[in-house]
Amino acid sequence: MTLAADPPRPVAVAGPRPARSLLTARALVPPLIALLAALGYGLLGVQQWRSLDAPSWDLGIFAQLAKDYGRLSAPIVPIKGDGANLLGDHFHPILVLLAPVWWVWPSGAALLWTQALLLGGSAIPLARLAIDRLGAVPGTLVGLAYALSWGLQAAAAVQFHEIAFGVPLLALSLTALLRGRVRAAALWGGALVLVKEDLGLTVLMLGLVIAWRSHTEERSRTEERSRTERRRWGLGLAAWGLGWFVLSTFVILPLLNVGGRYDYTGNLGSVFDVFTPASKWQVVLMLLALAGMVGLRSPLLVLVLPTLAWRFTGTVEFYWDWTWHYSAILMPVVIAALLDALGDRRTGRAGDWTGTAAVRPGAVVRGLAIGVSLAVTATLGGALPLVDVLRPSAWLESPRLPAAERALDALPEGAVVASDITLLARAVPDHDVQWVHGPNRRVPQCVLVDEQAFSWSGAPPADVAAWAHEQYGADYTVTSDDGGFVVACRS
């Protein structure tokens with residue numbers, strides 16, 4: 001990466017046709033890649049919605065947040081507990097942007113499509129930069145490697161999370177940085193602190209990289225005043241990121257948390273836990289492979305360290321795996337590192353740790369790096385979620401869907417409902433929902449049980465009305481029992 005603007009080298013062009021072809025590719029290919037990815041991720045969400053697939057309670061939680069923002073009120077989410085303000089769980093004020101989505105389409109399915117558009121749209125700046133730096137064909141391949149990357153697919157498969165907003169912001173920031181637009185990079189990157197509290201550390205690293213590269217640039221390539229301004233932007237961004245990390249984690253979150261604390265401190269283990277089990281190293285190797293291995297020569301790769309640090313010191317096994325949403329924010333970083341290391345065909349220069357505009361790698365190295373980046377997605381093959389979009393059997397509607405809809409119809413509109421995970425998100429638009437296994441003290445008007453929900457660990461209550469009476473101290477009567485879905489309401 002060269003923050004100073006190198007004088008462009010003339011590009012050998014046989015005539016107007018190649019130039020027009022490149023311009024056409026630059027204009028059309030990135031939006032097409034984005035459309036392909038967004039459509040794929042959106043259709044994956046449709047499949048999950050039709051098949052009653054609910055991998056966690058998160059979609060219900062964020063649907064409840066969107067509902068509250070749509071009513072212009074604080075995000076009080078009973079699924080997390082009585083009076084639980086979700087801004088006291090994780091710091092993600094950017095999710096207020098979901099309010100217009102809820103006004104138009106008040107459904108958990110709308111959040112799935114919103115995430116699909118955000119993930120897919122993030123490919124546009126990166127794919128366009130790849131085409132500019134590498135040419136039409138290799139740039140297109142890198143764009144596809146990003147848009148279909150395993151981290152984005154995993155995020156789509158586990159349904160909506162706030163990180164969906166962070167992915168395009170980081171893509172825009174890193175793209176601007178590689179184009180030498182430090183101010184734009186800082187502004188886009190600075191917004192990451194509104195996505196999640198830990199991303200303040202990522203912003204810190206981004207600012208330090210900008211400052212470092214400004215400091216190490218060859219003086220002959222930029223005016224001292226310009227170098228000083230870039231360094232100030234970098235150090236200012238670093239301070240912004242660190243400041244927001246401290247403020248959000250140690251002040252805002254405990255202040256808004258019902259328990260007066262940051263809930264996730266207890267999930268962190270010892271620094272000695274970083275290195276085991278082996279699944280953590282698998283994630284590292286997958287990241288390096290997506291960066292074509294050559295990405296190691298780019299300082300941008302240090303941006304993965306804050307996320308990997310909290311994940312690998314965490315005691316929650318989901319943090320270590322690649323199959324959840326935790327790697328999505330790393331996808332723009334490793335692809336940007338790949339592009340930085342592969343260099344720019346227009347200048348013949350590439351980024352490295354010295355900041356002296358190293359010579360661009362040769363064609364063989366570039367080809368191998370792009371091939372490795374594509375291979376990590378191809379190797380995972382059938383294990384990747386998007387493959388289901390191409391499987392006709394995956395499009396079969398769940399035979400239990402009509403029974404699920406009848407169970408929802410049996411709930412009085414506006415009622416306080418305690419539900420397990422299966423229909424949690426579906427019940428949110430028309431009801432005041434809490435999780436049936438949660439710490440809520442409110443006595444629900446109705447209880448909705450899916451006897452096949454994984455949250456019961458294979459042992460659902462044999463008598464839902466009796467279980468509800470024991471749980472809440474009120475009398476309940478079963479009002480609907482169909483297809484494994486049981487509704488019991490207060491007598």
Side-chain angles (χ1 to χ4, degrees), residues 1-9 11 125-135 138-139 141-143 145-146 170-186 188-189 202-222 226-227 229-231 233-235 237-238 287-305 330-370 372-373:
M1 177 183 64
T2 306
L3 294 180
D6 292 320
R9 294 185 177 185
V11 179
L126 286 167
R128 184 161 290 151
L129 178 68
I131 291 172
D132 287 345
R133 293 173 70 95
L134 304 176
L141 293 177
V142 170
Y146 169 75
L170 193 50
L172 288 164
S173 176
L174 295 175
T175 299
L177 183 58
L178 289 177
R179 293 188 184 278
R181 301 169 185 165
V182 172
R183 182 178 302 181
W188 285 117
T202 300
V203 174
L204 165 66
M205 297 302 293
L206 177 60
L208 292 178
V209 167
I210 292 174
W212 167 255
R213 296 307 292 263
S214 298
H215 175 72
T216 57
E217 283 173 343
E218 294 180 14
R219 291 179 182 270
S220 61
R221 296 186 178 275
T222 183
S226 176
R227 293 173 69 243
E229 182 182 0
R230 292 167 183 265
R231 188 159 57 248
W233 272 103
L235 294 176
L237 182 64
L287 289 171
L288 293 178
L290 188 61
M293 305 308 290
V294 74
L296 279 167
R297 78 183 271 181
S298 169
L300 290 181
L301 208 58
V302 301
L303 270 67
V304 307
L305 295 181
L330 305 180
M331 298 298 100
V333 176
V334 295
I335 291 298
L338 171 66
L339 292 175
D340 187 28
L342 290 182
D344 195 329
R345 64 185 177 82
R346 297 164 296 185
T347 65
R349 299 292 184 175
D352 69 1
W353 283 86
T354 67
T356 56
V359 176
R360 186 185 185 210
V364 173
V365 173
R366 297 199 304 271
L368 287 174
I370 294 172
V372 170
S373 185

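In this chain, residues are counted from 1 in sequence order. As the structure is a computational prediction, the values presented were derived from the model and not from experiment.
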[atom1] of [X] to [atom2] of [Y]: how many Å apart, nearest 0.5 Å?
X	Y	atom1	atom2	answer
Met331	Leu287	CE	CG	5.0 Å
Asp344	Arg349	CG	CZ	11.5 Å
Arg345	Ile131	CZ	CD1	10.0 Å
Leu303	Leu208	CG	CG	9.5 Å
Leu235	Leu204	CG	CG	10.5 Å
Leu339	Ile370	CG	CD1	8.5 Å

Practice problem: Among Leu301, Leu296, Val302, find the residue that satisfies the side chain to side chain contact (heavy atoms under 4.5 Å, CB included) test when tested with Trp353. | Solution: Val302
Given side chains that start at C-beta, do those of [X] and [Y] come closer than 4.5 Å, heavy atoms only?
X	Y	value
Arg213	Arg230	no
Pro332	Leu126	yes
Leu178	Arg133	yes
Arg128	Arg179	yes
Val333	Thr202	no
Leu206	Leu174	yes
Val203	Ser173	no

Quiz prompt | Any donor-acceptor N/O pair, Arg297 side chain to Leu342 backbone, under 3.5 Å | solution = no
Nearest atoms (heavy-atom pairs only) where [X] meets [Y]:
X	Y	result
Ala176	Ala184	CB-CB, 3.9 Å
Pro125	Leu172	CG-CD2, 3.9 Å
Gly139	Leu134	N-CB, 4.1 Å
Ala369	Leu338	CB-CD1, 4.1 Å

Practice problem: List the steps, then state whether side-chain contact (heavy atoms from CB on, under 4.5 Å) holds for Asp132 with Arg346. | Solution: CA-CA 8 Å; Asp132 287 345; Arg346 297 164 296 185; 3.9 Å; yes
Practice problem: Give the C-alpha distance, both sets of side-chain angles, the deciding distance and a yes or no for side-chain contact (heavy atoms from CB on, under 4.5 Å) between Ser373 and Ile335. | Solution: CA-CA 9 Å; Ser373 185; Ile335 291 298; 4.1 Å; yes
